[in-house]
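Convention: sequence-line order gives letters A, B, ...; per-chain numbering from 1.
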Amino acid sequence: MGITFRKETFRDDFTFRNSPEHIRRFPFPFNEDSYMYAVNIEPHVVGPKGSVLENLIDVDEHYVAEMQDRALVLAEDPLRCQSLPHMTLAGWDLLELLMEQQALGYPEHFTLTRDGDRWRWINRPLGIDDTFTFGDTSTLPYGPMEYITRQSQGDFCILDQRDGNLWMDAGMVTTQADWSLDFDIGMNFFEWHAPVPLAHEKGIFIRALKFLTNIQQGKPARRLNWTMTINPRLDTSPENYHKWGPDRATVTPENVGDKVHLRVELQSFWRLPRSNGIVFPIRCYLIKMDELVTQPKWARRLHRVIRDLPEELATYKGLTRYRPTLVEWLSKLDDGSPTSPGFGPD
Amino acid sequence: MSTGTTKLDVVVSDVVPVNDLVTRFHFRRRDGELLPTFSGGAHVVVEMRDGDRTRLNPYSLMGSPLDTREYTISVRRDDVGRGGSLFMHRSVKPGLEMVISYPVNLFSLDLRAKKHLMLAGGIGITPFMAQTAQLAGSGGNFELHYTCRTASLGTYADVLQQRYDRRVKLYHDDRDERIDLDRLLSTQPLGTNLYVCGPAGMINWVRDRAAALGWPSETVHFEHFAAPQPGAPFDVALAVSGKTIRVGSQQSLLEAIEAAGVDPPYLCRGGVCGQCETNVISHDGKFIHNDHWLSEEDHRSGCKIMPCVSRFEGKSLVLER
């Protein structure tokens with residue numbers, strides 16, 4: 001069998017869609033009718049079949065299109081991928097992790113064979129068949145991090161751990177929600193979280209850092225984060241604000257269902273074995289309102305969450321301009337009945 | 001034990017006496033697969049089933065991180081300790097099946113360093129065996145200064161000199177050879193990171209001199225796993241679990257808590273990682289803090305204790321566990 005990869009775009013004509021099966025597997029991030037920050041971190045273990053957690057690194061029907069979009073972003077702006085010189089070893093760690101996990105989860109699409117340091121990597125969806133020497137950068141067309149993250153969905157931040165802190169010293173970031181690797185590179189955990197409102201007062205970052213610096217090899221962790229994006233754009237970077245920022249003024253009662261997308265990030269955290277760094281894959285999932293409301297529970301609950309969101313959070317997430325239009329549209333799908341516990345659709 | 005790291009089922013593949021005090025142990029996976037990759041400076045926690053008690057001791061991995069067919073550790077026999085090293089020396093033979101933890105690294109190389117200056121004392125050489133192998137494999141710049149009591153107790157000194165020649169400098173106590181520390185620290189190129197592993201006195205000496213000579217603290221790395229010290233038995237009330245336990249003279253507080261069926265988190269069991277930090281609810285008596293985790297202020301406050309290495313003398317102690 002295997003995955004049927006969609007032909008679609010995340011820009012210009014925006015042909016991105018989720019198939020009905022993919023709507024049901026969408027990682028809906030709200031398990032109750034309201035939302036506030038929490039250190040919602042849990043062990044990253046394999047979840048139910050058919051969910052985005054069926055494998056620890058998820059590959060889905062958008063894989064090929066997302067990798068094509070990433071290549072376009074990088075062609076325009078190579079600074080979306082950066083690695084400080086001391087992070088090359090961590091890049092090899094990440095290459096091994098992603099090749100292993102993709103080959104394990106999707107053997108019909110990816111194959112990794114190793115003969116000592118001689119490795120062969122076959123990526124059928126992208127038509128790649130490369131043999132290289134593990135640890136020898138000259139045997140790959142890009143550095144190890146760039147090579148593998150041009151073939152893996154989601155953004156990747158590689159963090160160096162030293163002096164009791166985490167430092168964002170490498171990354172491939174092309175599908176971000178309004179932040180920039182080029183701005184954050186070299187910053188520590190507190191520095192790159194400085195713009196986030198409310199959470200500092202709650203001591204969330206101190207607890208989160210303590211947790212993250214203790215992540216152990218063989219025991220990854222995960223959390224969900226969310227925001228909203230107008231049109232199915234993967235690249236909503238500060239560098240391209242002039243392209244996507246004005247979209248927020250285009251939401252009307254007629255086009256809400258098609259234009260407004262819930263954007264969910266499945267963030268996972270892994271200790272890397274050779275470098276002792278931590279990699280932080282941020283996998284982005286998009287779903288338009290018309291698709292989301294095919295699940296009545298999600299429609300009711302999202303209405304209540306967005307309606308009651310604290311003002312600072314709505315501003316931080318950039319919803320202010322279209323929130324009334326969205327809430328009004330969603331309210332028609334909320335009959336006031338209770339929502340069932342848990343994240344999944346009924 | 002749900003709260004430590006992931007476990008590995010291993011078999012002892014070789015036991016090699018190194019000198020009068022030190023024995024090396026080799027482990028392979030029982031299923032024949034490769035062991036997890038690790039980084040220089042990492043340790044594993046070895047579970048020792050000694051009759052009806054289980055000891056958990058951390059030991060640095062000393063093999064090359066480039067070869068994970070087997071893990072090797074070196075254990076220095078301590079005749080007056082609590083018995084973990086004696087158990088390893090007396091009872092662990094090739095073929096024995098054991099359980100060890102995944103590697104954990106609390107003594108990681110700073111890969112930004114232009115040069116790695118390493119200072120080892122005695123059995124403190126073990127993490128440097130792996131770190132030097134890692135650096136040598138990637139062309140890293142390092143220099144190792146190793147002090148030992150006598151040439152015959154210079155564990156792996158011959159191996160290191162053979163491998164790295166003049167990058168290794170030996171100092172023998174019985175010949176009154178001593179590291180000229182101030183000179184060494186004040187003549188390093190900019191961008192050097194300093195690593196020290198050995199007895200507590202040596203670590204304190206090196207850290208103090210480095211600070212006095214203006215080394216930024218983030219360039220000074222040290223590892224000292226304090227073995228839990230024996231002492232007088234004492235009683236502890238665990239408020240959350242509602243249990244009262246007795247800590248035996250040869251037992252650590254952490255081991256006593258575990259024996260009572262409570263599973264506190266831990267990683268190093270040597271007073272450095274901070275995982276088992278526990279709030280003190282009330283006490284009437286004196287703490288014997290042996291850890292390197294809590295600040296002096298924490299020690300004085302009487303509000304926190306590291307149960308892996310610290311003890312108590314007095315009338316009553318209530319912990320939030």
Side-chain angles (χ1 to χ4, degrees), chain A residues 43-45 83-97 99-100 114-117 133-138 144 158-167 169-170 185-186 188 206-207 209-221 270-278, chain B residues 2-8 34-45 61 64-69 100-114 116 130-131 133-135 137-140 191 193 216-221 265-268 272-277 293:
Chain A
H44 188 37
V45 291
S83 175
L84 299 183
H86 63 285
M87 299 302 281
T88 306
L89 185 63
W92 285 106
D93 276 329
L94 180 60
L95 175 141
E96 178 178 40
L97 170 71
M99 285 185 179
E100 273 184 347
R114 302 186 231 207
D115 175 14
D117 287 345
T133 304
F134 186 86
D136 181 352
T137 304
S138 70
I158 312 187
L159 315 177
D160 194 26
Q161 182 166 334
R162 49 178 201 267
D163 208 25
N165 211 326
L166 297 170
W167 304 80
D169 286 350
I185 194 147
N188 71 33
I206 291 170
R207 274 183 290 147
L209 177 66
K210 191 171 162 140
F211 181 88
L212 292 173
T213 51
N214 279 313
I215 292 267
Q216 294 308 308
Q217 213 177 315
K219 278 197 164 178
W270 311 65
R271 175 71 64 188
L272 295 173
R274 291 173 185 76
S275 58
N276 204 40
I278 294 222
Chain B
S2 57
T3 43
T5 62
T6 312
K7 306 290 179 189
L8 295 163
L34 292 177
L35 287 153
T37 308
F38 65 100
S39 47
H43 73 266
V44 293
V45 174
L61 291 173
S64 167
L66 307 175
D67 180 1
T68 54
R69 281 170 303 177
I100 64 174
S101 72
Y102 255 62
V104 172
N105 199 341
L106 303 172
F107 190 50
S108 200
L109 291 169
D110 187 329
L111 297 173
R112 297 172 310 158
K114 302 276 188 282
H116 305 268
Q131 289 187 336
Q134 180 179 338
L135 288 171
S138 59
N193 270 239
S217 64
E218 61 270 23
T219 62
V220 180
H221 315 273
Y266 68 84
L267 285 177
C268 75
V272 293
C273 76
Q275 278 291 289
C276 69
E277 180 183 305
W293 170 258

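Between chain A and the options B:Ser39, B:Gly274, B:Pro65, B:Ala113, heavy-atom pairs under 4.5 Å are most frequent for B:Ser39.
A:Arg162 has its side chain out of reach of B:Asn193: every pair of non-hydrogen atoms, C-beta onward, lies at least 4.5 Å apart. Looking only at side-chain heavy atoms (C-beta outward), A:Gln217 and B:Pro36 come within less than 4.5 Å of each other.
Residue A:Asn276 is tested with B:Val104, B:Asn105, B:Leu111 for a side chain to side chain contact (heavy atoms under 4.5 Å, CB included); the sole match is B:Asn105.
Rounding to the nearest 0.5 Å places CG of A:Asp117 at 8.5 Å from CG of B:Leu66. Distance check: B:Arg112 CZ to A:Met87 CE gives 10.5 Å after rounding to the nearest 0.5 Å. The NE2 atom of A:His86 sits 12.5 Å away from atom CG of B:Leu109, with the distance rounded to the nearest 0.5 Å. Note: A:Leu89 CG to B:Gln134 CD = 6.0 Å, rounded to the nearest 0.5 Å. Of the inter-residue distances, the one linking A:Lys210 atom NZ with B:Glu277 atom CD reads 4.5 Å to the nearest 0.5 angstrom.
For A:Leu272, no part lies near chain B; criterion is any non-hydrogen pair under 4.5 Å. With a 4.5 angstrom heavy-atom cutoff, B:Asp110 touches chain A only via side-chain atoms.
Closest approach of B:Ser108 to A:Ser275, counting heavy atoms only: OG-O, 4.3 Å.
Within a 6.0 Å radius of CZ in B:Arg69, other residues, nucleotides and ligands contribute 12 heavy atoms or fewer. Other residues, nucleotides and ligands contribute more than 12 heavy atoms inside 6.0 Å of the CG atom of B:Leu34.
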